[in-house]
**Student:** 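Below is the structure I would like to discuss, written out as structure tokens.
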Amino acid sequence: TQLLEQSPQFLSIQEGENLTVYCNSSSVFSSLQWYRQEPGEGPVLLVTVVTGGEVKKLKRLTFQFGDARKDSSLHITAAQPGDTGLYLCAGTNNAGNMLTFGGGTRLMVKP
Amino acid sequence: NAGVTQTPKFQVLKTGQSMTLQCAQDMNHEYMSWYRQDPGMGLRLIHYSVGAGITDQGEVPNGYNVSRSTTEDFPLRLLSAAPSQTSVYFCASGRYTEAFFGQGTRLTVV
């Protein structure tokens, strides 16, 4: 079983601060995804990274895939209360038939 | 757009009862999957299907059965509910690199 560890588990910050969430594994993934989940809802895909070293930007969110395709990070610039939620990373195995999720980072941004 | 529809949204079962969680998608995706989400453990894959007539086990398949008779539907059956199966269940469809999730079924087994 491929494992993904996310850190930190919980993060509470003030509006306007920057933050980084990490997703690490000892396994190589063919691709890695980041999802955001709000209470009572299913996860919603934010981004997919495929190539080692790839960087993708989505407004104030920057996603990076490690060179060895074992880890990833999510950086949020100038966090806003609307960013509050559970952030999940997920990796696709090399066979392409299974998605493994990390434990999640619960983010709270206070106004 | 309906996307992925799960029913019911909430369910309480007694230990030993059986039930089926329904999942339907209208996006013509070949790949569908079931996850359970428990506090602090992210989502764990129960079963998945790469197309009609084909199913396979995920990380935590014990106590659950699935079938895939059509592209649209992927029901999850609990054979004999146990308190350890209390969880939130999510169905997803899509490509391996882009999963679309339903709103979840919150199941409590007493």
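Predicted model only: the values in this text are computed from it and were never measured. Throughout, protein chains are lettered first and strands after them, A, B, ... in sequence-line order, and every chain is numbered starting at 1.
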**Student:** Is A:Leu32 in contact with chain B via its backbone, its side chain, both, or neither, using a 4.5 Å heavy-atom distance?
**Tutor:** neither
**Student:** Taking A:Thr48, A:Val44, A:Val50 one by one, which has the highest count of heavy-atom pairs under 4.5 Å against chain B?
**Tutor:** A:Thr48
**Student:** Can you sort out the partners of B:Gln103 under side chain to side chain donor-acceptor pair (under 3.5 Å), two or more places apart, ordered by chain and number?
**Tutor:** A:Glu41
**Student:** Which is it for B:His29 and B:Ser93 under the side-chain hydrogen bond (donor to acceptor under 3.5 Å, both in side chains) test, yes or no, and what are the steps along the way?
**Tutor:** CA-CA 6 Å; B:His29 288 149; B:Ser93 79; 2.9 Å; yes
**Student:** Name the region of B:Leu43, side chain, backbone, both or neither, that has any atom closer than 4.5 Å to a heavy atom of chain A.
**Tutor:** both
**Student:** Of the backbone (N, CA, C, O) and the side chain (C-beta and beyond), which part of B:Tyr35 lies under 4.5 Å from a heavy atom of chain A, both, or neither?
**Tutor:** side chain
**Student:** Regarding B:Glu59 and A:Thr100, is there a side-chain donor-to-acceptor distance under 3.5 Å anywhere?
**Tutor:** no
**Student:** Indicate whether the side chain of A:Thr20 and that of A:His75 have a donor and an acceptor atom separated by less than 3.5 Å.
**Tutor:** yes
**Student:** Would you list the pairs meeting salt bridge (charged side-chain N to carboxylate O under 4.0 Å, His left out) in which at least one residue belongs to residues 97-111 of chain A, sequence neighbours left out?
**Tutor:** none
**Student:** Contact part of B:Gln37 toward chain A, heavy-atom cut-off under 4.5 Å: side chain, backbone, both or neither?
**Tutor:** side chain
**Student:** Under 4.5 Å from any heavy atom of chain B, what part of A:Gln6 do you find: side chain, backbone, both or neither?
**Tutor:** neither
